[in-house]
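Both backbone and side-chain heavy atoms feed into the values below; hydrogens, waters and symmetry mates do not.
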Amino acid sequence: MTHIGIDIGASGSATALFKDGTVKTLRFQKSTIKDIYEWLSEVAMADTCMCIIEKVWAMPSTDDDGRKMGASTSFTFGENNGIIKGLYRDWE
(Lines give C-alpha, C1' and ligand atoms only; values in the text may rest on other atoms or scores of the structure.)
Protein backbone atom coordinates (compact mmCIF):
# COMPACT_ATOMS: atom_id res chain seq x y z
CA MET A 1 0.00 0.00 0.00
CA THR A 2 1.16 3.54 -0.78
CA HIS A 3 0.74 6.16 1.94
CA ILE A 4 0.28 9.82 0.98
CA GLY A 5 0.49 12.76 3.37
CA ILE A 6 -0.57 16.24 2.28
CA ASP A 7 0.28 19.60 3.90
CA ILE A 8 -2.29 21.98 2.37
CA GLY A 9 -0.44 25.28 2.96
CA ALA A 10 0.86 27.51 0.16
CA SER A 11 4.40 26.29 0.81
CA GLY A 12 3.13 22.80 1.64
CA SER A 13 3.67 19.58 -0.22
CA ALA A 14 2.42 16.08 -0.84
CA THR A 15 4.64 13.11 -0.05
CA ALA A 16 4.10 9.50 -1.01
CA LEU A 17 5.75 6.57 0.73
CA PHE A 18 5.65 3.47 -1.46
CA LYS A 19 5.62 -0.09 -0.14
CA ASP A 20 9.21 -0.62 -1.39
CA GLY A 21 10.35 2.28 0.83
CA THR A 22 10.85 4.90 -1.88
CA VAL A 23 9.57 8.41 -1.29
CA LYS A 24 8.26 10.92 -3.83
CA THR A 25 7.43 14.56 -2.97
CA LEU A 26 5.67 17.39 -4.80
CA ARG A 27 6.03 20.94 -3.48
CA PHE A 28 2.88 23.03 -4.04
CA GLN A 29 4.63 26.41 -4.12
CA LYS A 30 6.16 25.66 -7.54
CA SER A 31 3.31 23.55 -8.91
CA THR A 32 0.27 24.21 -11.06
CA ILE A 33 -3.07 22.48 -10.58
CA LYS A 34 -2.15 20.31 -13.57
CA ASP A 35 1.15 19.34 -11.89
CA ILE A 36 -0.71 18.35 -8.72
CA TYR A 37 -3.28 16.36 -10.69
CA GLU A 38 -0.63 14.48 -12.67
CA TRP A 39 1.45 13.73 -9.57
CA LEU A 40 -1.52 12.49 -7.54
CA SER A 41 -2.85 10.46 -10.48
CA GLU A 42 0.50 8.76 -10.99
CA VAL A 43 0.99 8.02 -7.29
CA ALA A 44 -2.60 6.95 -6.59
CA MET A 45 -2.82 4.67 -9.61
CA ALA A 46 0.46 2.90 -8.81
CA ASP A 47 -1.05 0.84 -5.99
CA THR A 48 -3.79 0.84 -3.38
CA CYS A 49 -3.23 4.00 -1.39
CA MET A 50 -4.25 5.77 1.78
CA CYS A 51 -4.13 9.56 1.85
CA ILE A 52 -4.08 11.78 4.91
CA ILE A 53 -4.79 15.48 4.38
CA GLU A 54 -3.88 18.06 7.01
CA LYS A 55 -6.99 19.45 8.68
CA VAL A 56 -6.93 23.21 8.23
CA TRP A 57 -9.06 26.10 9.37
CA ALA A 58 -8.83 29.86 9.41
CA MET A 59 -7.49 31.61 12.48
CA PRO A 60 -9.11 35.05 12.14
CA SER A 61 -8.25 36.17 15.64
CA THR A 62 -5.05 36.04 17.65
CA ASP A 63 -4.51 32.75 19.49
CA ASP A 64 -2.74 32.19 22.86
CA ASP A 65 0.66 32.21 21.13
CA GLY A 66 -0.04 35.53 19.40
CA ARG A 67 -0.37 33.96 15.96
CA LYS A 68 -2.89 35.30 13.50
CA MET A 69 -3.80 34.04 10.04
CA GLY A 70 -4.41 36.78 7.51
CA ALA A 71 -7.10 36.76 4.85
CA SER A 72 -4.64 35.86 2.09
CA THR A 73 -3.28 32.86 4.01
CA SER A 74 -6.79 31.69 4.89
CA PHE A 75 -7.78 31.91 1.24
CA THR A 76 -4.73 29.90 0.12
CA PHE A 77 -5.47 27.20 2.69
CA GLY A 78 -9.08 27.00 1.55
CA GLU A 79 -8.17 27.03 -2.14
CA ASN A 80 -5.53 24.30 -1.81
CA ASN A 81 -7.86 22.22 0.33
CA GLY A 82 -10.58 22.50 -2.33
CA ILE A 83 -8.18 21.63 -5.15
CA ILE A 84 -6.95 18.48 -3.42
CA LYS A 85 -10.44 17.32 -2.44
CA GLY A 86 -11.78 18.12 -5.93
CA LEU A 87 -9.00 16.14 -7.60
CA TYR A 88 -9.60 13.24 -5.21
CA ARG A 89 -13.20 12.95 -6.40
CA ASP A 90 -11.84 12.17 -9.87
CA TRP A 91 -10.50 8.82 -8.59
CA GLU A 92 -13.54 7.68 -6.62
How close do Asp7 and Glu54 get, counting heavy atoms only, and between which atoms?
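Nearest pair, atom of Asp7 first, then Glu54: OD1-OE1, 2.7 Å.
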Under 3.5 Å side-chain donor-acceptor pair for Thr25 and Ser13
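Checked: Thr25/Ser13 side chains show no N/O donor-acceptor pair below 3.5 Å.
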Can you list the steps and then say if Asp47 with Lys19 is a side chain to side chain contact (heavy atoms under 4.5 Å, CB included)?
CA-CA 9 Å; Asp47 190 12; Lys19 62 183 171 186; 3.6 Å; yes
Between atom CE of Met50 and atom CG of Leu17, what is the distance when rounded to the nearest 0.5 Å?
10.0 Å
Interatomic spacing from OG1 in Thr2 to CG in Asp20 - rounded to 0.5 Å
8.5 Å
Evaluate Ile52 against Ile4 for side chain to side chain contact (heavy atoms under 4.5 Å, CB included), listing each step before the verdict.
CA-CA 6 Å; Ile52 298 174; Ile4 303 170; over 6 Å; no
Side-chain touch Phe28/Ile6, heavy atoms, less than 4.5 angstrom
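Result yes, sub-4.5 Å side-chain heavy-atom pair found.
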When you compare the side chain of Val23 with that of Thr15, does any pair of heavy atoms fall below 4.5 Å?
yes
Show your working on side chain to side chain contact (heavy atoms under 4.5 Å, CB included) between His3 and Phe18 and close with a plain yes or no.
CA-CA 7 Å; His3 294 82; Phe18 297 93; over 6 Å; no
Starting from the C-alpha separation in whole Å, work towards a yes-or-no answer on side chain to side chain contact (heavy atoms under 4.5 Å, CB included) for Leu26 and Ile36.
CA-CA 8 Å; Leu26 175 75; Ile36 297 168; 3.9 Å; yes
